[in-house]
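Comments concern the structure below.
One-based numbering along the sequence shown. Read the numbers this way: they start at 1 and go in the same order the structure lists the ligands and their atoms.
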Amino acid sequence: MNLSVPARPYDFPLDPSRAALVVIDMQRDFIEPGGFGDALGNDVSRLTAIVPTVAALIALFRENGLPVIHTREAHKPDLSDCPPAKRLRGKPGLRIGDDGAMGRILIAGEPGNQILAELEPADGELAIDKPGKGMFWATGLHETLQDRGITQLVFAGVTTEVCVQTSMREANDRGYECLLIEDATESYFPEFKASAIEMIVAQGGIVGWVTPLASLAQVLSKEAVHG
Ligand code: TIU
């Protein structure tokens, strides 16, 4: 049964039996002071501020028995999955694989690569390492979602215009309906977040739908109460 979630550019027809939440890259290196994002000169406080909202969104899915998927932007320690075109774009000393304040930058298993403790994946939840900006590139995630009958993806995480938007666009091309929770995503650049949201909902929802957590929570909480 579809539930109508108030959203832009029009109501999102949520089918809880086919939906999953995807939390993109809420990892220490992008969000915590002293991490990679901070070292690049970004204001990480903008990203830290959404953590309670992302936690509430995850809790909403868990309470409703709906799947939650987590991603990390992570490369293998030997960098065999990091093309030079990606690695060499960074500043020397602050490149992927270099030693940072929280271990090697964007390398799987390093302290900075961990998802924030407050948002830790629960037992049984899928947590995938992705070497690209998008969550489908070199991850096998599409096949996993198809096996589970998932056709709708609700998005949260960072950053809005980079890994979140790329993942939504990749999802579009694979046939998923995408809903972005606007207060559970953030960018280091407020104007980029605002532009990304407008790009997503433009032209009748060319990339997908956007709504605040409260709109989704109101609909899903009613569903949890009334079944
Ligand atoms: N996760 C993600 O968005 N990776 C980035 O590198 N984002 C930036 O905005 N730099």
Side-chain angles (χ1 to χ4, degrees), residues 21-51 53-54 57-58 68-76 79 81-98 100-116 119 121 126-139 141 153-171 178 180-197 199-200 207-208 210:
L21 171 64
V22 184
V23 183
I24 300 282
D25 299 359
M26 291 296 287
Q27 57 204 68
R28 296 182 62 201
D29 248 336
F30 289 132
I31 297 167
E32 287 190 5
F36 176 47
D38 192 5
L40 289 174
N42 294 306
D43 175 8
V44 294
S45 67
R46 299 186 52 77
L47 275 56
T48 319
I50 66 161
V51 173
T53 309
V54 177
L57 175 61
I58 292 172
V68 180
I69 298 162
H70 309 257
T71 70
R72 286 175 291 251
E73 187 171 346
H75 293 276
K76 294 179 180 160
L79 295 174
D81 59 358
C82 184
K86 182 176 185 187
R87 196 178 108 76
L88 298 178
R89 223 151 343 138
K91 284 188 200 150
L94 278 178
R95 287 176 175 158
I96 295 168
D98 291 347
M102 296 183 196
R104 292 181 68 202
I105 293 166
L106 296 193
I107 299 297
E110 296 287 334
N113 205 234
Q114 307 304 313
I115 291 171
L116 298 183
L119 307 177
L126 201 58
I128 62 160
D129 287 339
K130 61 178 186 54
K133 302 285 192 281
M135 67 184 192
F136 290 103
W137 167 247
T139 62
L141 183 59
L153 297 171
V154 177
F155 281 88
V158 297
T159 59
T160 316
E161 80 282 9
V162 184
C163 291
V164 175
Q165 183 174 207
T166 302
S167 295
M168 288 183 77
R169 289 175 182 272
E170 281 188 339
C178 299
L180 175 64
I181 305 302
E182 61 190 308
D183 44 352
T185 184
E186 197 44 85
S187 168
Y188 299 121
F189 308 95
E191 66 277 23
F192 289 175
K193 174 180 177 179
S195 298
I197 286 175
M199 284 180 215
I200 287 164
V207 178
V210 177

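- Considering backbone and side-chain atoms alike, Thr159 places an N or O below 3.5 Å from some N or O of ligand 1.
- The closest donor-acceptor contact from the side chain of Ser167 to the backbone of Met135 lies under 3.5 Å.
- Thr53 places no side-chain N or O within donor-acceptor distance of the main-chain N or O of Ala184, the cut-off being under 3.5 Å.
- Ion pair Lys76/Asp81 not flagged as a salt bridge, since none of the NZ, NE, NH1 or NH2 atoms sits closer than 4.0 Å to an Asp/Glu carboxylate oxygen.
- When only interatomic distances are considered, the shortest N/O to N/O separation between Tyr188 and ligand 1 does not fall below 3.5 Å.
- Interface of Cys163 with ligand 1, defined as ligand atoms under 4.0 Å from a residue heavy atom, comprises 1 (N), 2 (C), 3 (O), 4 (N).
- Each salt bridge (charged side-chain N to carboxylate O under 4.0 Å, His left out) pair with one or both residues in residues 23-42, not counting sequence neighbours, appears once here: Asp25-Lys130, Arg28-Glu32.
- Look at Arg104 and Glu110 and you find no salt bridge, because none of the NZ, NE, NH1 or NH2 atoms lies under 4.0 Å from a carboxylate O.
- At least one N or O atom of Val158 sits closer than 3.5 Å to an N or O atom of ligand 1.
- At a heavy-atom cutoff of 4.0 Å, ligand 1 is contacted by the side chain of Asp25 but not by its backbone.
- The protein atom (non-hydrogen) at minimum distance from atom 4 (N) of ligand 1 is Glu73 OE1, 2.8 Å.
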